[in-house]
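Quick notes on the structure that follows.
The shown structure was predicted, so the numbers you read here are calculated from the model rather than taken from an experiment. Positions are given from 1, in the same order as the sequence printed here.
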Amino acid sequence: MRVRVATTALGITADLLAVPACSTNAVDTKPDTAPSARTGKPADTAQQAAPLTSATLETRLLDQSDLGRGYLRKPERPTQSDDVTVIGCPALSELGGDAATGGTLTFPHKAKASFTFGGSSSEVSEELYSDNVGKLSGGIDRIFDAMTGRPTYQVVAGGTPIDMASQKLPAAHDLGDEQWSQLLTFSTGRRSTVVKQTAIRDGSLLLIVSGSPALVDRHLDKALAKATATS
């Protein structure tokens, strides 16, 4: 089975977002209130723009002309329902296996595009979501807490064991109102795949860029610029 490790690793349903992060202390189940991977100002629910429609979000995704030569857009795949079990991380286990193997968040307005580069295994994906500011901020914060709360755990997907390692990263840029970033390593046998994932909230819009670390760093700024452009 080929696990989708180069796309988003945040396929978590909205009704499970309140699950606390994994912790090495089994007694302490309170979520981390100041995660090191998060930076920026908290959501101000008194001042927030109206959510954008999915159709509008589609027009704000990067395309091949934005990325440059050598990029090929991947067709969207239907949602998979493989039997996935998370071992060693109760919070992610409750959130569901998609939290570790890919999927799409269930905020009401969304758009997504994924690309391969240079005919290689290097990939980058962009996702845009729009919703109430408080829901976006609280939801994505809890998701990152759950994924980085325990540095190592294991996922069994379709009978294939996958060793997972997660690491919070400091914000590389002062972008948007809030930012989260992490590095994920997926290992099966002798093969490992490293995925960087950065999420930025700007008003009522949430941008997630995932994939090969170099490609995420290369395209993050332009993805946010296009996503937040008003004309």
Side-chain angles (χ1 to χ4, degrees), residues 3-23 28-40 42-43 51 57 79 84-86 88-112 125-153 155 157 162 164-171 175-186 195-211 216 220 223 227:
V3 179
R4 296 168 55 220
V5 295
T7 58
T8 178
L10 296 178
I12 302 174
T13 53
D15 58 335
L16 294 176
L17 293 179
V19 177
C22 298
S23 171
D28 183 7
T29 59
K30 294 181 180 180
D32 186 355
T33 57
S36 61
R38 175 182 175 180
T39 185
L57 295 177
T79 302
V84 177
T85 303
V86 181
C89 183
L92 279 180
S93 182
E94 291 185 47
L95 287 170
D98 274 354
T101 60
T104 302
L105 301 181
T106 54
F107 293 117
H109 309 290
K110 67 192 80 172
K112 179 179 179 179
S125 69
E126 177 189 10
E127 292 171 84
L128 294 177
Y129 300 93
S130 191
D131 199 352
N132 171 279
V133 170
K135 290 181 180 178
L136 286 179
S137 178
I140 196 69
D141 192 35
R142 293 186 185 103
I143 291 168
F144 267 84
D145 275 356
M147 295 185 70
T148 60
R150 181 178 293 275
T152 60
Y153 53 95
V155 171
I162 305 167
M164 301 290 304
S166 62
Q167 176 187 352
K168 289 182 180 181
L169 298 176
L175 299 175
D177 297 323
E178 296 180 279
Q179 185 183 124
W180 300 258
S181 192
Q182 64 180 333
L183 200 66
L184 299 169
T185 302
F186 301 72
V195 174
K196 183 173 183 179
Q197 187 168 66
T198 298
I200 299 173
R201 184 191 64 80
D202 190 285
S204 61
L205 183 142
L206 176 67
L207 164 72
I208 302 175
V209 181
S210 309
V216 172
L220 183 64

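A donor-acceptor pair under 3.5 Å links the side-chain atoms of D177 to the main chain of G203, judged by distance alone. Using modelled atom types, no side-chain atom of S130 and backbone atom of H109 make a donor-acceptor pair closer than 3.5 Å.
In this structure T152 satisfies the side-chain contact (heavy atoms from CB on, under 4.5 Å) test together with A165, sequence neighbours excluded. Taking the side-chain hydrogen bond (donor to acceptor under 3.5 Å, both in side chains) definition, one finds that T198 meets it with S181, sequence neighbours left out. Remark: A223 engages L62, E126, L207, V209 in a side-chain contact (heavy atoms from CB on, under 4.5 Å) (not counting sequence neighbours).
A distance of 10.0 Å separates OG in S137 from CG in N132, rounded to the nearest 0.5 Å. Atoms CD and CD1, from E178 and I140 in turn, are 10.5 Å apart once rounded to the nearest 0.5 Å. Considering CD of E127 and CG of L57, their distance stands at 11.5 Å, rounded to 0.5 Å. Note that the CD1 atom of I162 and the OG1 atom of T185 stand 13.0 Å from one another [nearest 0.5 Å]. Between the CZ atom of F107 and the CG atom of L128 there is a distance of 13.0 Å, given to the nearest 0.5 Å. Atom CD of Q167 sits about 10.5 Å away from atom NZ of K196, to the nearest 0.5 Å.
Summarising the geometry of G176 relative to D202, their closest heavy-atom pair is CA-OD2, 3.5 Å, with the distance given to 0.1 Å. Across all their heavy atoms, M147 and Y153 have their closest contact at O-CE2, 4.1 Å. Between L205 and A227, the closest heavy-atom pair is CD1-O, 3.5 Å.
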Practice task
Determine, stepwise, if the pair R201 / W180 fulfils side chain to side chain contact (heavy atoms under 4.5 Å, CB included).
Solution key: CA-CA 9 Å; R201 184 191 64 80; W180 300 258; 4.1 Å; yes
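Between F186 and V155 there is no side-chain heavy-atom pair separated by less than 4.5 Å.
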